[in-house]
Colleague: 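One structure is given below, represented as structure tokens, and several questions about it will come after.
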Amino acid sequence: MSRYDPSVIEPKWRDAWDKAGAFTAKRDPAKPKYYVLEMFPYPSGRIHMGHVRNYTMGDVVARHKAACGYSVLHPMGWDAFGMPAENAAMERGGHPKDWTYGNIADMKAQMKPLGLSIDWSREFATCDPEYYGQQQALFIDMLAAGLITRKAAVVNWDPVDMTVLANEQVIDGKGWRSGAAVERRELVQWFFKISDYSEVLLSALDGLGNWPEKVRLMQANWIGKSRGIEVDFPLTAPVAGQAALTCYSTRPDTLRAATFMAIAPEHPIARALAEADPKVAAFCEEARRGGTSEEAIETAEKLGYDTGLTVRHPIYPDKALAVWIGNFVLMEYGTGAIYCCPGHDQRDLDFARKYGLPVVNAFHMPGETNVIGTEALVPARDATVAYDQHFTGITLSTAYDAIETSIDWMEARGLGKGQVKYRLRDWGLSRQRYWGCPIPVVHCATCGVVPEKKENLPVELPYDVSFDKPGNPLDRHPTWRDCACPKCGAPAKRETDTMDTFVDSSWYYARFTNPRATTPTVAEDAAYWMNVDQYIGGIEHAILHLLYSRFFARAMHKTGHLPQRAVEPFNALFTQGMVTHEIYRSKDAQGRPVYHLPEEVLRFNIGNEPVAFLKADHLTDLSELNESQLQELLIEAAGTEIEIIPSAKMSKSKKNVVDPMNIIASFGADTARWFVMSDSPPERDVEWTSSGAEAAFKHLNRVWGLCDRIGQMPADHKGEGDQDLAKATAKAIDEVTKGIEGFAFNKAIAGLYAFTNTLSRANASTGAMREAMRTLAKLMSPMTPHLAEEVWQAQGGNGLCAQAPWPKADPALLVDDTVVLPIQINGKRRAEISVPKDMPASEVEKLALANEDMIKFLAGQPVKKIIVVPGRIINVVV
RNA sequence: GCCCGCGUGGUGAAAUGGUAGACACUGGGGACUUAAAAUCCCUUGGCCGCAAGGCCGUGCCGGUUCAAGUCCGGCCGCGGGCACCA
């Protein structure tokens with residue numbers, strides 16, 4: 001009997017696929033097309049289990065669709081710009097370009113052994129000038145089409161390093177390198193006008209039926225459409241040329257409880273006051289401390305400054321409200337000014353109590369004290385409230401749902417005007433960094449901002465840059481900035497900002513349709529391959545990447561680079577879970593945690609109790625031990641028992657990373673692929689366990705052995721089980737096909753286990769066994785393509801398994817003639833009967849009541865009602 | 001702080017509102033073996049019972065229904081995102 005040796009068979013079949021050009025995508029008008037895409041990786045240098053899971057999922061879909069007769073496009077590329085390359089250059093020297101391309105080569109070498117059905121001829125990296133040059137062309141077209149603008153935006157500023165920081169580089173409000181307190185600072189930057197598309201991007205979500213509901217919901221909340229009212233609060237004395245303070249609110253019903261106003265530190269009135277008064281300036285300075293992330297702003301301590309200004313309440317003109325500057329007010333949303341209702345908003349109440357501001361209750365709940373202490377009164381939706389003489393005895397939800405009534409009421413009295421607003425802000429694309437796509441514009445003293453001529457593209461990144469100082473090396477480059485104005489020819493300066501890396505990933509899917517073209521896309525290729533039929537990636541991209549891509553596809557359509565049909569670029573989306581692993585932790589002499597890599601740990605169970613020990617040097621494999629040696633080890637190692645912390649995201653710092661290369665070396669790629677597809681549903685996290693990996697390997701060995709055994713059966717062997725085997729085969733085809741098509745790979749694999757169990761116990765003729773085995777190979781091939789080829793060949797399959805058609809289940813074999821029906825009494829299962837599958841309900845009823853167990857349980861009680869669900873269940877109500 | 005999701009045996013999980021735990025891991029028992037590994041067979045939600053069988057059980061509390069893991073309301077716990085990480 002031969003041994004299953006993946007290190008021999010896997011390279012052999014990969015060569016065979018290459019030679020056959022099995023995965024080269026071809027435009028074939030005779031076939032329907034299928035474009036499957038996994039979110040391309042950042043070239044960190046090492047693949048991890050998350051990549052294996054992501055790309056195996058896509059590969060299962062791609063191989064299955066190819067077998068179903070589609071012309072499949074399944075490409076791969078590299079999201080290659082970004083901060084880590086610059087960080088590496090700063091920390092270890094070297095050049096971001098060399099580091100990135102080196103990583104790409106390393107990662108590609110690690111991905112190849114996975115046996116993915118990828119068309120590598122379409123590979124590109126976003127840092128290839130051929131790619132980012134076309135991106136610059138898109139930028140110029142979008143600029144001409146009015147899709148891009150320049151305006152001030154707030155960034156994280158490190159006052160010591162004198163550089164802009166990413167949110168990730170702000171830790172507890174301090175710069176990650178300098179440790180200096182970060183400030184929010186305004187900078188003039190480039191923006192995509194995505195907010196012009198708020199309504200379009202929102203309403204088109206309804207058409208994305210094959211996207212997860214939660215992703216659509218997250219996007220809808222992100223776009224944040226709200227209907228509210230804009231109210232003018234007349235200033236008692238005009239300031240900065242303004243007679244009133246304009247506020248936006250989605251809760252006009254709480255206007256009656258407004259007791260003070262708050263404006264953003266960047267509000268024009270705050271600026272005007274700051275210019276005249278150093279104390280206001282000092283407060284605004286203070287209010288700008290901390291990072292720009294919404295989380296940082298929302299969770300920072302609420303600070304306020306009383307400007308001394310007052311406004312008149314629009315409903316109660318004799319009431320004056322103080323105007324404060326608050327660090328929690330966002331200039332980007334609404335009008336940068338809010339009215340505060342401490343009676344009904346906890347944040348406002350905390351602020352009011354801190355600064356001794358008045359609190360008013362607008363709701364007046366019947367039967368309550370209506371006194372507000374330290375908790376704001378936020379009535380339940382169905383609570384009955386009385387706002388004032390105009391709105392009494394209504395429920396809060398009436399007020400919410402009929403908010404228009406309230407807006408109408410206020411509009412009719414000239415108190416404000418109804419308005420729809422979106423939370424979505426324009427997409428700031430400028431980055432003050434080197435390793436990104438240069439923004440192809442030139443600053444000319446006479447002509448202003450001028451786009452570069454397309455014939456001068458790509459505006460290529462200079463190689464000779466240094467990373468010894470913080471900030472953007474392009475700013476310091478002696479010659480790169482100098483250029484001629486594309487319009488007047490006079491000496492001018494290049495823009496040194498580069499593009500956000502989200503721009504790179506917002507159109508790469510379109511580029512794959514013709515990656516070598518000298519225009520961003522080519523019409524007939526885009527028309528044939530777009531849209532992406534199935535997009536697969538992590539849930540962490542649910543909002544930004546996917547929203548930006550949806551915007552970009554529209555922008556590309558507007559500028560003539562994509563057909564109308566492709567404005568929603570992803571027909572179906574699947575968001576997969578993470579691969580997690582246990583963490584092994586001990587403590588050093590000072591009691592600080594020390595983490596251990598899985599390969600440094602011996603982990604096994606005593607009974608059902610998992611235990612882990614640090615591997616002794618002389619001992620690497622537990623299987624080498626007999627029981628008494630094991631005992632000895634336990635005693636010896638008792639001092640170094642390690643704590644097991646269950647299932648956490650794989651991370652270098654926790655040392656719980658499992659390197660796929662080690663798994664492939666020990667078990668082969670098919671085992672790794674089989675494992676990541678089995679057990680957990682793909683949208684959920686899956687925990688990597690060594691026992692699970694071993695079990696996957698054992699199973700593949702079992703299939704190998706079964707194949708061997710059937711191969712040695714005499715050709716004329718007869719068996720009684722041919723019909724049963726045919727039924728089991730049909731069932732397996734049905735389960736696996738449904739599992740793959742429904743993204744329930746774990747269920748497809750459960751079906752394959754069951755089919756293998758049946759097959760190994762079957763007593764059927766040689767021909768039937770071989771046929772079943774070929775079907776098993778084909779059904780396994782999306783998950784374990786190498787082993788499948790080997791089995792396919794051994795059982796006399798024609799050509800490559802990878803190119804064989806998907807089997808079809810005979811529907812006649814899928815239905816049983818009799819069904820077993822459980823019988824319940826009042827919903828509790830008491831008996832069961834076996835009946836022909838199409839027996840009428842009335843007869844089923846009779847049989848059920850005549851059943852011996854039923855007679856016993858009913859004990860003569862009168863039957864009130866019988867519910868017969870055909871083919872399902874019988875429930876007797878007494 | 002705001003938005004979204006998840007919660008079922010020792011573990012990963014399955015279950016168009018219709019027999020909760022398919023399939024697999026781990027554990028327990030057995031066969032084979034001088035022994036071990038590998039392989040194969042039985043068993044494996046909890047409690048009571050010699051057994052037949054019974055009762056309980058899908059994070060917690062309540063509701064809808066002939067019937068709830070599934071639908072609705074409220075709570076608790078965990079995870080993801082929050083616009084310059086990719």
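Every chain is numbered from 1 and lettered A, B, ... according to where its sequence line falls, protein lines coming before strand lines.
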Colleague: Identify, between Lys747(A) and Asp500(A), the residue whose nearest nucleotide on RNA chain B lies closer to the 5' end.
Modeller: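 Nearest nucleotide further toward 5': that of Lys747(A).
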Colleague: In whole Å, measure the gap between the C1' atoms of rG18(B) and rC85(B) for me.
Modeller: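 Per the computed distance, 48 Å lies between those C1' atoms.
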Colleague: Quick one: Asn87(A) CG to rC85(B) P, roughly how many Å, whole number?
Modeller: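 For the pair Asn87(A) CG and rC85(B) P, the rounded distance is 12 Å.
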Colleague: Salt-bridged, Glu213(A) to Arg216(A), with N to O below 4.0 Å?
Modeller: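 Salt bridge flag = yes for Arg216(A) with Glu213(A).
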Colleague: Please determine, for the side chain of Asp679(A), which listed nucleotide (rG12(B), rA86(B), rA14(B)) has the closest atom?
Modeller: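 The answer is rG12(B), which lies nearest to the side chain.
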Colleague: Using a heavy-atom cut-off of 4.0 Å across all strands, would you classify Trp427(A) as base, sugar-phosphate, or nothing?
Modeller: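 Nothing, no nucleic acid heavy atom in range.
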Colleague: Check the distance between rA14(B)'s P and Lys738(A)'s NZ and give it to me in whole angstrom.
Modeller: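 Atom NZ in Lys738(A) sits about 17 Å away from atom P in rA14(B).
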Colleague: Taking NZ, NE, NH1 and NH2 as the nitrogens, is one of them in Arg3(A) or Asp5(A) under 4.0 Å from a carboxylate oxygen of the other?
Modeller: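 So Arg3(A) pairs with Asp5(A) through a salt bridge.
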Colleague: Taking the same atom, C1', in rG57(B) and in rA15(B), what whole-Å distance lies between them?
Modeller: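 One C1' to the other, the span is 16 Å.
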Colleague: Taking only side-chain N and O atoms of Asn757(A), does any of them lie within less than 4.0 angstrom of OP1 or OP2 on rA24(B)?
Modeller: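 So the side chain of Asn757(A) is within the cut-off, an N or O lying under 4.0 Å from OP1 or OP2 of rA24(B).
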Colleague: Is Glu213(A) side chain donor-acceptor paired with the rC4(B) base, going by distance under 3.5 Å alone?
Modeller: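 It does not, because no donor-acceptor pair links the side chain of Glu213(A) to the base of rC4(B) below 3.5 Å.
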Colleague: Could you tell me the Watson-Crick or G-U partner of rA67(B), where both distances fall under 3.5 Å? Say none if there is no partner.
Modeller: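 Partner of rA67(B): none found under 3.5 Å.
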Colleague: Does Lys193(A) come within less than 4.0 Å of Asp426(A), counting only side-chain N to carboxylate O?
Modeller: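 Not counted as a salt bridge, because no side-chain N and carboxylate O are separated by less than 4.0 Å.
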Colleague: Just checking Leu217(A): base, sugar-phosphate only, or nothing, at a heavy-atom cut-off of under 4.0 Å?
Modeller: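 Leu217(A): backbone/sugar contact only, no base atoms under 4.0 Å.
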Colleague: Sort out the partner of rG53(B) for me: Watson-Crick or G-U wobble, both distances under 3.5 Å, none otherwise.
Modeller: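 Per the H-bond distance test, rC48(B).
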Colleague: Just to be sure I understand the rule, does Val164(A) reach a base, reach only the sugar-phosphate, or reach nothing, if contact means heavy atoms closer than 4.0 Å?
Modeller: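 Counting heavy atoms under 4.0 Å across all strands, the contact made by Val164(A) includes a base.
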Colleague: Does rU11(B) have a Watson-Crick or wobble partner in any strand here, with both distances under 3.5 angstrom, and which is it?
Modeller: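 Partner of rU11(B): rA24(B).
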Colleague: With heavy atoms under 4.0 Å as the rule, sort Phe551(A) into base, sugar-phosphate or nothing.
Modeller: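 Since no nucleic acid heavy atom lies under 4.0 Å of Phe551(A), the category is nothing.
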Colleague: Think Arg829(A) has a side-chain N or O under 4.0 angstrom from the OP1 or OP2 of rG18(B)?
Modeller: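 Answer is no, no contact under 4.0 Å.
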Colleague: Between Asn746(A) and rA14(B), is there a side-chain N or O to OP1/OP2 distance below 4.0 Å?
Modeller: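 It does, given that an N or O in the side chain of Asn746(A) lies less than 4.0 Å from OP1 or OP2 of rA14(B).
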Colleague: Using atom CZ of Arg830(A) as one end and atom P of rU19(B) as the other, report the distance to the nearest whole Å.
Modeller: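 Rounded to whole Å, this separation is 16 Å.
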Colleague: Name the nucleic acid region contacted by His699(A), choosing base, sugar-phosphate or nothing; use a 4.0 angstrom heavy-atom cut-off, strictly under.
Modeller: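 Nothing, no heavy atom under 4.0 Å.
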Colleague: Checking Phe192(A) against Tyr548(A) for the ring pair (Phe, Tyr, Trp, His ring centres under 6.0 Å) test, could you report, in this order, the C-alpha distance in whole Å, the side-chain angles of both residues, the deciding distance, and whether it holds?
Modeller: CA-CA 10 Å; Phe192(A) 290 118; Tyr548(A) 290 158; 8.3 Å; no
Colleague: Could you give the distance separating rC72(B) and rG80(B) at their C1' atoms, to the nearest angstrom?
Modeller: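 One C1' to the other, the span is 26 Å.
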Colleague: Strictly by Watson-Crick or wobble contacts shorter than 3.5 Å, is anything paired with rU16(B), and which nucleotide is it?
Modeller: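 Paired with rU16(B), as far as the under-3.5 Å criterion goes, is no nucleotide at all.
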Colleague: Under 4.0 Å between a side-chain N/O of Arg872(A) and OP1 or OP2 of rG17(B), yes or no?
Modeller: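 Checking Arg872(A) against rG17(B): no side-chain N or O falls below 4.0 Å of OP1 or OP2.
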Colleague: Whole-Å distance between rC2(B) P and Arg423(A) CZ?
Modeller: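 Nearest whole value for this atom pair: 13 Å.
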Colleague: Between Lys354(A) and Glu301(A) (salt bridge meaning N to carboxylate O under 4.0 Å), is one present in this structure?
Modeller: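 Result for this pair is yes, salt bridge flagged.
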Colleague: Select from Arg425(A) and Phe502(A) the residue whose nearest nucleotide in RNA chain B is closer to the 5' end of that strand.
Modeller: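 Nearest nucleotide further toward 5': that of Arg425(A).
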Colleague: To check you understand the geometry: which heavy-atom pair defines the closest contact between Thr671(A) and Ala693(A), and what is its length?
Modeller: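 It is CG2-O, 3.5 Å.
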Colleague: Using a heavy-atom cut-off of 4.0 Å across all strands, would you classify Thr299(A) as base, sugar-phosphate, or nothing?
Modeller: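 Base, at least one base heavy atom under 4.0 Å.
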Colleague: Considering only atom C1', compute the distance from rG21(B) to rG73(B) and round it to an integer number of Å.
Modeller: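 My reading of the C1' atoms in rG21(B) and rG73(B) gives 28 Å.
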Colleague: Taking syn as within 90° of 0 and anti otherwise, name the glycosidic form of rG77(B).
Modeller: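 Here rG77(B) takes the anti form, which means its glycosidic angle is more than 90° from 0.
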Colleague: Round to the nearest Å and state the distance from Ile749(A) atom CD1 to rA14(B) atom P.
Modeller: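 Between P of rA14(B) and CD1 of Ile749(A): 13 Å.
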Colleague: Within 45° of the six-membered ring axis of Phe755(A) and under 6.0 Å from that ring's centre, is NZ or CZ of Lys731(A) located there?
Modeller: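 Pair Lys731(A)/Phe755(A) does not count as cation-pi.
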Colleague: Can you tell me which nucleotide in rC40(B), rA22(B), rG7(B) comes closest to the side chain of Arg684(A)?
Modeller: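 The nucleotide sitting nearest to the side chain is rG7(B).
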Colleague: Between Asn167(A) and rA83(B), is there a side-chain N or O to OP1/OP2 distance below 4.0 Å?
Modeller: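 Affirmative; the distance criterion is met.
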Colleague: Could you tell me how far apart Ile543(A) (CD1) and rC2(B) (C1') are, to the nearest whole angstrom?
Modeller: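 About 11 Å, once rounded to whole Å.
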Colleague: Reckon Ser680(A) has a side-chain N or O less than 4.0 Å from the OP1 or OP2 of rG12(B)?
Modeller: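 Checking Ser680(A) against rG12(B): no side-chain N or O falls below 4.0 Å of OP1 or OP2.
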Colleague: Atom CD1 of Ile874(A) and atom C1' of rC66(B): how far apart are they, to the nearest Å?
Modeller: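 Roughly 14 Å, once rounded to whole Å.
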Colleague: Just how far, in rounded Å, is P of rC84(B) from CG of Asn472(A)?
Modeller: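 The answer, rounded to whole Å, is 17 Å.
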Colleague: Any strand is fair game: report the nucleotide pairing with rU39(B) by Watson-Crick or G-U wobble, both distances under 3.5 Å, or none.
Modeller: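 Check on rU39(B): paired to rA31(B), both distances under 3.5 Å.
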Colleague: Quick one: label Asn875(A) by what it contacts on the DNA or RNA (base, sugar-phosphate, nothing), any heavy atom closer than 4.0 Å.
Modeller: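 Asn875(A): base contact, heavy atoms under 4.0 Å.
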Colleague: Base, sugar-phosphate, or nothing: which does Ala542(A) touch, judged by heavy atoms less than 4.0 Å apart?
Modeller: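 No contact at all - Ala542(A) keeps every heavy atom at 4.0 Å or more from the nucleic acid.
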Colleague: Have a look at Ser430(A) and say if it touches a base, only the backbone sugar-phosphate, or nothing, with a 4.0 Å heavy-atom cut-off.
Modeller: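 Counting heavy atoms under 4.0 Å across all strands, the contact made by Ser430(A) includes a base.
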Colleague: Could you tell me the Watson-Crick or G-U partner of rG77(B), where both distances fall under 3.5 Å? Say none if there is no partner.
Modeller: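 rG77(B) is paired with rC6(B).
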Colleague: Give the nucleotide from the list rA83(B), rC66(B), rG80(B) with an atom nearest to the side chain of Ile539(A).
Modeller: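 Among rA83(B), rC66(B), rG80(B), the one nearest the side chain of Ile539(A) is rG80(B).
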Colleague: Between Glu294(A) and Arg423(A), is there a salt bridge with N-O shorter than 4.0 Å?
Modeller: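 A salt bridge is present here (some side-chain N lies under 4.0 Å from a carboxylate O).
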Colleague: Is the distance from OP1 or OP2 of rG79(B) to the nearest side-chain N or O of Lys214(A) less than 4.0 Å?
Modeller: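 For rG79(B), neither OP1 nor OP2 has a side-chain N or O of Lys214(A) closer than 4.0 Å.
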